There are 2 protein chains.
Amino acid sequence: MSSSVQRKRIRKDPAARRAEIVDAAAAVALTEGLECVTLRRVAEDLAVRPGLISHYFPSAEGLVAEAFGSAATGELDRLLPARPPEDAPSRHLARFLARTSGEEYDVISRLWINARHLSRYRPVLRDRVALQESAWRGRLETLVRDGVDTGEFVTDDPVAATVQILVVLDGLGAHANTATPERPAAVLRMPITTAERELGLPPGTLDRTTG
Amino acid sequence: MSSSVQRKRIRKDPAARRAEIVDAAAAVALTEGLECVTLRRVAEDLAVRPGLISHYFPSAEGLVAEAFGSAATGELDRLLPARPPEDAPSRHLARFLARTSGEEYDVISRLWINARHLSRYRPVLRDRVALQESAWRGRLETLVRDGVDTGEFVTDDPVAATVQILVVLDGLGAHANTATPERPAAVLRMPITTAERELGLPPGTLDRTTG
DNA sequence: GATGCTATTGAGTGTGCGACCAATAAGCAA
DNA sequence: TTGCTTATTGGTCGCACACTCAATAGCATC
């Protein structure tokens with residue numbers, strides 16, 4: 001008779017239920033942080049009992065790692081999707097760098113800071129972070145190599161160029177959780193400057209393009 | 001008569017006791033992480049009761065912030081001490097950058113990652129992080145300005161040059177908790193390259209010097 | 001419609017945390 | 001020596017967490 005109690009059980013296909021759990025966990029990871037990905041929290045969001053989450057993830061650490069992996073993969077796809085043939089590599093790179101400037105990118109920075117810190121205590125998560133790192137690096141590296149192939153980019157070490165861009169992005173994202181004093185324009189432009197320098201592009205090539 | 005029980009009370013000067021607590025908390029913060037700075041943990045290290053820590057720090061968050069501040073200040077003093085007059089700014093800067101390459105620096109990177117992440121949930125800590133950030137920036141900026149004054153460095157924006165160096169250091173330190181694949185030499189040299197570029201120094205000027 | 005598999009629940013265990021507070025004793029001052 | 005201030009103790013409370021496991025019920029299969 002109590003109003004808020006839902007006694008009806010909904011039995012789902014294990015694969016679908018698992019995906020549902022991972023999605024909910026990833027959402028929590030993005031909005032609240034990885035330490036908020038708990039059995040109780042995820043169960044509450046899905047209106048099930050905590051024990052059910054344990055059934056799919058015998059160790060909570062596995063769920064946290066999965067949540068991070070899912071969230072990071074999703075953000076990578078939004079930030080740096082596969083390049084359609086009609087986009088020139090330089091244009092695609094410019095779009096990517098433009099997306100890393102907005103406040104929207106802070107969410108991603110927060111997630112990475114979170115994961116890199118929590119990796120200190122969670123070996124399973126640490127492995128997942130390493131995996132995601134190589135995924136992000138790999139996708140940017142592919143774009144760089146594509147640009148070299150078309151002749152737009154010039155570098156004798158695509159890996160070094162790629163990693164240098166990522167290091168700068170990591171450095172700029174480090175402050176996503178703290179109120180940062182207004183930064184000089186030269187600092188805000190560091191990703192573009194670095195990319196243009198390492199890829200042999202004339203200054204200004206990677207600035208925001210229309211559309 | 002029980003062997004492990006210490007019933008004797010040691011009453012100390014409040015200022016001394018407080019300093020003792022902060023020191024112990026800073027040590028835990030550096031070695032184990034800020035989330036291990038708990039009333040119980042610090043009390044155990046000092047062989048006192050948790051209630052005593054509460055007496056000096058009514059809120060545990062205050063202790064965590066203090067622990068970070070103490071640890072960060074100590075590390076800054078080791079890493080970038082005040083420049084003695086007999087040291088040329090370029091030589092002092094070269095020493096600083098050399099110290100940021102060793103594995104010893106990983107401890108500092110870990111502390112900063114830790115603090116920047118935990119800032120998300122702890123407003124008191126967040127303020128302390130902002131304070132420490134300006135302290136680190138201030139000290140490096142002073143060194144840069146000194147070099148400009150002596151004519152060794154050339155830049156029209158000392159702040160931008162300073163922050164760019166720090167951003168690169170932050171970016172490289174982001175991986176302190178994860179096993180990082182061997183990085184290209186160009187990446188490892190980024191701090192030196194950035195400093196030389198932004199300060200108008202000939203390449204190689206800031207490489208490791210003898211002594 | 002009956003049966004069997006298993007997804008899901010409900011209840012309970014143990015741990016570590018911050019916070020709170022009355023009782024106690026150390027050491028200084030009168 | 002006596003008395004007072006307060007640093008320090010010991011104990012307790014409530015909360016949130018992961019983890020365990022027997023009981024239950026949804027649903028596909030026969």
Side-chain angles (χ1 to χ4, degrees), chain A residues 1-2 4-25 28-29 32-68 114 118 121-125, chain B residues 1-2 4-25 28-29 32-68 114 118 121-125:
Chain A
M1 190 60 89
S2 56
S4 63
V5 175
Q6 172 179 5
R7 47 172 39 87
K8 183 68 178 164
R9 291 189 183 184
I10 303 174
R11 193 189 176 102
K12 297 196 173 180
D13 174 72
R17 181 65 94 180
R18 188 190 165 92
E20 190 183 41
I21 292 172
V22 170
D23 285 352
V28 172
E32 323 264 330
L34 291 166
E35 23 276 289
C36 296
V37 177
T38 65
L39 303 183
R40 285 169 170 76
R41 180 71 165 80
V42 173
E44 191 185 9
D45 285 2
L46 295 176
V48 298
R49 307 272 101 200
L52 182 61
I53 315 296
S54 285
H55 175 68
Y56 287 93
F57 292 90
S59 160
E61 192 181 348
L63 175 60
V64 172
E66 198 78 11
F68 167 72
N114 196 168
L118 213 55
Y121 308 104
R122 306 271 154 87
V124 181
L125 175 61
Chain B
M1 191 59 89
S2 55
S4 62
V5 177
Q6 172 179 5
R7 47 172 38 87
K8 183 66 177 167
R9 291 189 183 183
I10 302 176
R11 193 190 175 103
K12 296 195 174 181
D13 174 71
R17 180 65 93 181
R18 189 189 165 92
E20 189 183 41
I21 290 172
V22 170
D23 286 352
V28 172
E32 322 264 330
L34 289 166
E35 23 275 289
C36 296
V37 176
T38 65
L39 303 184
R40 286 168 171 78
R41 178 72 164 80
V42 173
E44 191 185 11
D45 285 1
L46 295 176
V48 297
R49 309 269 92 201
L52 182 60
I53 314 296
S54 284
H55 176 68
Y56 286 94
F57 292 90
S59 160
E61 192 182 347
L63 175 60
V64 172
E66 197 78 11
F68 166 72
N114 196 168
L118 213 54
Y121 308 104
R122 307 270 152 89
V124 181
L125 175 61

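So that the names make sense, note that chain A is the first sequence line, chain B the second, and so on, each numbered from 1. Note that these values count all heavy atoms, side chains included, but never hydrogens, waters or copies made by symmetry. Given the structure is predicted, the values throughout are model-derived calculations rather than measurements.
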Student: Rounded to whole angstrom units, what separation is found between the CG atom of B/L46 and the P atom of D/dA7?
Tutor: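 Taking atom P of D/dA7 as the reference, CG of B/L46 is at 16 Å.
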
Student: Counting just side-chain N and O atoms, does A/Y56 come under 4.0 Å of either OP1 or OP2 of C/dT8?
Tutor: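 Affirmative; the distance criterion is met.
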
Student: Would you mind reading off the bend of the helix from C/dG1-D/dC30 to C/dA30-D/dT1 from its two end axes, five pairs each, to 10 degrees?
Tutor: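 Answer for the end axes of this duplex: 10°.
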
Student: Can you check the B/D13 CG to D/dT5 P distance for me, whole Å?
Tutor: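 One finds 19 Å between P of D/dT5 and CG of B/D13, rounded.
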
Student: May I have all residue pairs that pass salt bridge (Lys or Arg N to Asp or Glu O under 4.0 Å) and include part of residues 46-60 of chain A, sequence neighbours excluded?
Tutor: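 Not a single pair qualifies under salt bridge (Lys or Arg N to Asp or Glu O under 4.0 Å).
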
Student: Who passes side-chain contact (heavy atoms from CB on, under 4.5 Å) against A/A67, sequence neighbours left out?
Tutor: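 For A/A67 the side-chain contact (heavy atoms from CB on, under 4.5 Å) partners, ignoring immediate neighbours, are A/A25, A/A29, A/V37.
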
Student: Evaluate A/H55 against A/R18 for side-chain contact (heavy atoms from CB on, under 4.5 Å), listing each step before the verdict.
Tutor: CA-CA 10 Å; A/H55 175 68; A/R18 188 190 165 92; over 6 Å; no

Student: Just by modelled atom types, is the A/L34 backbone N or O under 3.5 Å from a matching donor or acceptor in the A/N114 side chain?
Tutor: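 Indeed, once roles are kept as given, a pair shorter than 3.5 Å links the two residues.
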
Student: Taking side-chain contact (heavy atoms from CB on, under 4.5 Å) as the definition, give me every residue that meets it alongside B/R122, ordered by chain and number, with sequence neighbours left out.
Tutor: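 Scan of B/R122 (side-chain contact (heavy atoms from CB on, under 4.5 Å), adjacent residues dropped) gives B/E61, B/L118, B/L125.
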
Student: For A/V28 versus A/C36, what's the shortest heavy-atom pair and its separation?
Tutor: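 That closest heavy-atom pairing would be CG1-O, 3.6 Å.
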
Student: Each nucleotide N or O in nucleotides 22-25 of chain C that has a protein N or O under 3.5 Å away: list the pair and distance.
Tutor:
from	atom 1	to	atom 2	distance (Å)
C/dT24	O2	B/R9	NH1	2.5
C/dT24	O2	B/R9	NH2	3.3

Student: Strictly under 3.5 Å: I want the nitrogen or oxygen pairs between protein and nucleotides 16-19 of chain C, one per line.
Tutor:
from	atom 1	to	atom 2	distance (Å)
C/dC17	N4	B/R40	NH2	3.3
C/dG18	OP2	B/L39	N	3.3
C/dG18	N7	B/R40	NH1	2.9
C/dG18	O6	B/R40	NH2	3.2
C/dA19	OP2	B/A60	N	2.9

Student: In residues 16-25 of chain B, which ones come under 4.0 Å of DNA chain C, going by heavy atoms?
Tutor: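 Residues of residues 16-25 of chain B under 4.0 Å from DNA chain C: none.
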
Student: My understanding is that only residues two or more places apart in sequence, or in another chain, count here; which of them pass ring-ring contact (aromatic ring centres under 6.0 Å, His included) with A/Y56?
Tutor: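 Once residues adjacent in sequence are excluded, A/Y56 has no partner under the ring-ring contact (aromatic ring centres under 6.0 Å, His included) criterion.
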
Student: Using the closest heavy atom to pick a nucleotide of DNA chain C for each, name whichever of A/R49 or A/H55 lands nearer the 5' end.
Tutor: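 Closest to the 5' end, via its nearest nucleotide, is A/H55.
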
Student: CG of B/L46 to CD1 of B/I53: how many Å apart, nearest 0.5 Å?
Tutor: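 If I round to the nearest 0.5 Å, the distance is 5.5 Å.
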
Student: Within this structure, what is the CD1-to-P distance between A/I10 and D/dA25, rounded to whole angstrom?
Tutor: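 Those two atoms, CD1 and P, are 15 Å apart.
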
Student: Could I get the full list of salt bridge (Lys or Arg N to Asp or Glu O under 4.0 Å) partners for B/E32, not counting sequence neighbours?
Tutor: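 B/R41.
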
Student: Could I get the full list of salt bridge (Lys or Arg N to Asp or Glu O under 4.0 Å) partners for B/E20, not counting sequence neighbours?
Tutor: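 Expected list: B/K12, B/R17.
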
Student: Please name all residues satisfying side-chain contact (heavy atoms from CB on, under 4.5 Å) with B/A60, sequence neighbours left out, ordered by chain then number.
Tutor: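 B/A60: side-chain contact (heavy atoms from CB on, under 4.5 Å) contacts with B/L39.
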
Student: In whole angstrom, give the distance that lies between atom NZ of A/K12 and atom P of C/dT9.
Tutor: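 Between P of C/dT9 and NZ of A/K12: 11 Å.
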
Student: How close or far is atom P of C/dC21 from atom CG of B/L52, stated in whole angstroms?
Tutor: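 Whole-Å distance recorded here is 17 Å.
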
Student: Check the pair B/F68 / B/L63 against side-chain contact (heavy atoms from CB on, under 4.5 Å), numbers first and verdict last.
Tutor: CA-CA 9 Å; B/F68 166 72; B/L63 175 60; over 6 Å; no

